[in-house]
Amino acid sequence: MVLIFKSTRVSLEKSVEKSELAGNAVTFLHEEDYLEQYKHPKIDAETTIDPGLRKPSDIGKGWHFCIDPYDTGLRQKWFKYKKNPNQPQDYDPFEGSDYSIPMVWNLTKPEWFYYEGSAWYSKTLKDPRNNFDKEKCDRLILEIGGASYSCRIFIDGVFVGVHLGASTPCSLDITEYIRFSEVSLMICVNNSRTRENIPATHTDWFNYGGIHRNIFLYQVPNHFIQRTIVRLTKDQNFIEVIVKMNKKNKLPIKAYIVISKLHTNKEFKIENGEGSVIIEKVPQLWEPSNPILYKVDIKAGNDFWQDNIGFRVITAKGQQVFLNGRPRRLDGISVHEDDLMNGRITSEEDIRQRFKHARELGAIFIRLAHYPHSPMVARIADEEGLLIWSEIPVYWTLDYENPNTVKDANNQLKELIRRDINRASIIFWSLANETADTDARINFLSILANTARSEDPTRLLTAACLINQETLQISDRLVEHIDVIGVNEYFGWYDPEIQDLELFLKHYKLNKPLLISETGADAVAGHHGNIETLMTEEWQANFFENQIKILKKYYGASGPLIGITPWILYDFRSPRRQREYQNGWNRKGLIAEDKTTKKVAFQVMADFYRGIHPE
Ligand code: GCU
């Protein structure tokens, strides 16, 4: 093959040979701006559907998978592939072993452990409507619970759209793309860290790649309920329900809501694609000690949506947080979504085990760090009566002045809020973690704060702020935009002077609730010694005892500290930690990465939450 390059840009079509694979495969080898054509349309918060308790068809079995380190697939348009035994081809979506989704490639083959780049999932769907009742199946919704980081969908050779964000749903109506009874579905996922991503290139957790949550199909009628909000009214006396349909209707549609436990059955109207209704009934309030949920059934036209809803009120006044009008102390713990064997993939069993350990610690409050966790987490917390801090990965240094970064963060926040808007257990949305107070960053976060307020005026906003090390005070302009001040403090670990913790708490005069959103120290489980030996369990236990001697004087009723989420329940993977005792792990867990071995510090915190603490 001879290529003729001239000083001026030549049209490559003329100077290279033809190839059947996809237009002219060789041409694409020379086009470096190949990604431009795959940046739109966006699959985002506007296309997302809230399935409620709709029954999905799980299409996670039987996928062909391969990594694609040089993005050859997008360059040469592998999704245009036509089987041709006489043609040399770089990729065949129909060959090779099958993989199941959810899957993270890092733990699938040793050589893929640190792989960052593109990878392809390919599958032929026999008439996707087969799984559903034909006459009712007007439209098909594809939902990928989480794909890290970008996710590009191709159906029968057509680029459908791209979703950005590793931990929020990629969800859209794919009906118009389903033209045949046999459908080729190809998904290109890329977990490369870039400066303009959320999070950006530097994190203290493992950058798993892949479709790490379920991939579902939902059948819905032509005109269906896309989103629903069910909550107490502003005056907290009654229930308000807001329903948004997938498209506007010219004529009003009759809708009905049934809440059987409240003996409620009320008709209302859907006009121009929206409808709302007030139910003048007073539900029993959801409480951690009595997490009562109401089955809410809504019928609009010939669509039917239902969910289990807990009704509660979360407010802040002065330095206290009130749940249902009563001040609460948020004894908590931080958790990552990470597993020794399954990486970012979680399960109902894994979540319930996490909550069981949290309960054993005496925690009723869970900080889901540093990104949106599986939708199962808040659903199970609703059932079990736990309170949740939920956050988007605005973490450390981002490209705050980049409009793409702002759009990405804003969209991930909207996707998170719209996914979990009906979850009683979630009381805080957190906007940021340890971000330096600059003009660009405060402009960026004020946009996010406005988005959160308009999407959901009922929950409190928070963030994990940094303490000013000179003044030992919070001097972060972000405090004006949030309701509850989270503070990551490591006095006695990264900051050697533990007494500075007391100075900070004494200085704290903001008229907003304060909670310690991180504090902790590393220890290798099973490594024992005296309290002077770093990395021993005894050193870590002594760290918490020293913290507690100070925290207890400012905690709960004595204020201003209303909560603590120690860092962290389990050891977790972090590639930036390669010292011999870390070996790619962050060892601040109160339990080892086996999610079984408790360290001595676990009991120190458990005693503290039960009111037993060192004098
Ligand atoms: C920071 C950061 C965490 C990190 C922790 C640590 O506070 O928010 O993500 O894991 O410190 O250093 O262990």
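Both ligands and their constituent atoms are indexed starting at 1 by order of listing. Note that these values count all heavy atoms, side chains included, but never hydrogens, waters or copies made by symmetry.
- Under a 4.0 Å N-O distance rule, the pair Arg577/Asp204 qualifies as a salt bridge.
- Under the rule for a ring pair (Phe, Tyr, Trp, His ring centres under 6.0 Å), Phe504 has no partner lying at least two apart in sequence or in another chain.
- A heavy-atom cutoff of 4.0 Å around ligand 1 is satisfied by the protein residues Asp204, His370, Tyr395, Asn433, Glu434, Asn488, Tyr490, Tyr494, Glu518, Trp567, Phe572, Arg577, Asn586, Lys588.
- Remark: Phe491 pairs with no residue by the ring pair (Phe, Tyr, Trp, His ring centres under 6.0 Å) rule, at least two apart or across chains.
- Taking Phe113 as the reference, Phe206 meet the ring pair (Phe, Tyr, Trp, His ring centres under 6.0 Å) condition, with sequence neighbours excluded.
- Taking CD of Glu489 as the reference point, atom SG of Cys465 lies at 13.5 Å (rounded to 0.5 Å).
- Between Glu360 and Lys598 there is a salt bridge, since at least one side-chain N of the basic residue sits less than 4.0 Å from a carboxylate O of the acidic one.
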